[in-house]
J.: 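My structure is below; once you've seen it, I'll send some questions.
A, B, ... follow the sequence lines: proteins, then strands. Residue 1 opens every chain. Hydrogens, waters and symmetry mates play no part in the numbers below; they use all other heavy atoms, side chains included.
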There are 2 protein chains.
Amino acid sequence: MDKLKTFLQTLAQITDKEFEDSKNNFQKVYLKKGELLLQKGKVCKQMSFVNRGSLRTFYFNNKAEEITHCFRTEGTFISSYKSFILQEPSILSIIALEDTELVVIDYDKVQKLYSTSLAWQNIGRLLTERAYIEMEEYASVLNNESAKEKYLRLLNEQGEILQKANVEHIATYLGVTRRTLSRIRQEISMQ
Amino acid sequence: MDKLKTFLQTLAQITDKEFEDSKNNFQKVYLKKGELLLQKGKVCKQMSFVNRGSLRTFYFNNKAEEITHCFRTEGTFISSYKSFILQEPSILSIIALEDTELVVIDYDKVQKLYSTSLAWQNIGRLLTERAYIEMEEYASVLNNESAKEKYLRLLNEQGEILQKANVEHIATYLGVTRRTLSRIRQEISMQ
DNA sequence: TGGGGCATAGGACAAATGACCTCAAATGCT
DNA sequence: AGCATTTGAGGTCATTTGTCCTATGCCCCA
């Protein structure tokens, strides 16, 4: 739980005591590579902090193609955010890219913390704000950058993902085809 | 203020009294067509509810091209969210597409409401959650849909904007060039 | 009312990307 | 180890989109 505590204390003013008092709301979950944390169609009832490992969220677009929505690594929160927020069936599935250790809290317990603690309400808002900013940046990248620029950005910002995810995952995350990604990689290797 | 009250009460549990008590934190602002609500480089110190009219946010990408980031119409909140959240200089500028009437609250007053009222803290989180979901959908559209599909979606979801914004605004919002937008419109008119 | 300035439509060609495919290498499974 | 299956690289051609440019219409104002 230490990583989580450090993460939260960097994010907001939460005392050791406040954290210890709410600690029993969290539980550890272990996933093997390829295991699903959430299956599409189910309501996302959990918010998870990645202690170790990495995950990928994906969905199927209206052409029934599997699209990678995001990658998550150590020290970040993951959930099917929209489903979690609205408590409606999830479009996204979440899968472990490797053996992964999570610290998980249930929706009901989050709501309980929100309603009883200003500190946790604050954390909830700050986490949402962060998620928003990240998504805004992602949209801006999708809107402005060429396939090559997007690839180089991913390499730079989440380079370790390139070792863990396959070409299909990366291509759909960047919004290009495998063929285009292959061309980009060739171009880069020739420089 | 009535529209704002209705909007907030649809969003969260806030009593008439709670609203009345915090009403003096809001002020009305009027913009003429073409006037800036926020200029890039300045910290966004306000969150605004659009009572009447419409606005456009834009930024300059790394090729110094002006890119439309979003359109806002009556009954929604607008701000340079990232700048507002982090209280750092804004990348975005906000401009009125037509004569516009806003109900505005300052950052400091928002923070005061957050720290003293669970109801407002709740509203803050819910608004952020909504903004997140909208941004996630925008990213998904940018990643998955063809130029034509994106145009038809805009037409369907914010059709009134097509009358108020010019071709350049719409094209950069959709992430295509004017030429492509022109082709799309031709295609549609021929069907 | 006539001309400057601006916005939009669209022609022509170039560049980027997608669709479809094959082959070789890597991986997993028994 | 040996076989089946998956994965990634890249060839080829089609399609989409971008770049650059011109023509036309519209608006505003002197």
J.: Under 30°, 30 to 60°, or over 60°: which ring-plane class applies to A/Phe7 and A/Phe49, parallel, tilted or perpendicular?
T.: tilted
J.: Send over the distance from B/Asn61 CG to D/dG18 P, rounded to a whole Å.
T.: 13 Å
J.: So if you build clusters from Ile, Leu, Val, Met, Phe, Trp, Tyr with side-chain heavy-atom gaps below 4.5 Å, do B/Ile170 and B/Tyr173 land together?
T.: yes
J.: How long is the straight-line distance from OG of B/Ser83 back to CG of B/Leu38, given to the nearest 0.5 Å?
T.: 6.5 Å
J.: Write down the distance between CD (A/Gln186) and C1' (D/dG10), rounded to a whole number of angstrom.
T.: 7 Å
J.: Heavy atoms only, 4.0 Å cut-off, all strands: where does B/Arg178 land among base, sugar-phosphate and nothing?
T.: base
J.: Flag yes if B/Tyr132 and A/Met47 sit in one hydrophobic cluster, no otherwise; membership is Ile, Leu, Val, Met, Phe, Trp, Tyr, and two members link when side-chain heavy atoms are under 4.5 Å apart.
T.: yes
J.: So, A/Thr10 side chain and A/Thr6 main chain: donor-acceptor pair closer than 3.5 Å or not?
T.: yes
J.: Any side-chain N or O of B/Arg179 under 4.0 Å from OP1/OP2 of C/dG10?
T.: no
J.: Rounding to an integer number of Å, can you tell me how far A/Leu181 CG sits from C/dT17 C1'?
T.: 12 Å
J.: Respond yes when some side-chain nitrogen or oxygen of B/Thr177 is under 4.0 Å from OP1 or OP2 of D/dT17, and no when none is.
T.: no
J.: Please report the distance, rounded to the nearest Å, between CG in B/Asn143 and C1' in C/dG18.
T.: 15 Å
J.: In whole angstroms, how far is the P atom of C/dA19 from the NZ atom of A/Lys63?
T.: 8 Å
J.: Could a donor-acceptor pair under 3.5 angstrom be found where the side chain of B/Arg183 meets the base of C/dG11?
T.: no
J.: Establish, with yes or no, whether the OP1 or OP2 oxygen of C/dT8 is under 4.0 angstrom from a side-chain nitrogen or oxygen of B/Ser182.
T.: no
J.: Once the angle between the rings of B/Trp120 and B/Phe26 is folded into 0 to 90°, is it parallel (under 30°), tilted (30 to 60°) or perpendicular (over 60°)?
T.: tilted
J.: Can you check the A/Glu145 CD to C/dT17 P distance for me, whole Å?
T.: 12 Å
J.: Hey, what do you get for CZ (A/Arg56) to NE2 (A/His169), rounding to the nearest 0.5 Å?
T.: 3.5 Å
J.: Taking only heavy atoms on the protein side, list every residue of residues 146-174 of chain A lying under 4.0 Å from any atom of DNA chain D, sorted numerically.
T.: A/Asn166, A/Val167
J.: For A/Arg185 and D/dG10, what is the distance between atoms CZ and P respectively, to the nearest whole Å?
T.: 11 Å
J.: What is the distance from CG of B/Asn144 to C1' of D/dT16, rounded to the nearest Å?
T.: 17 Å
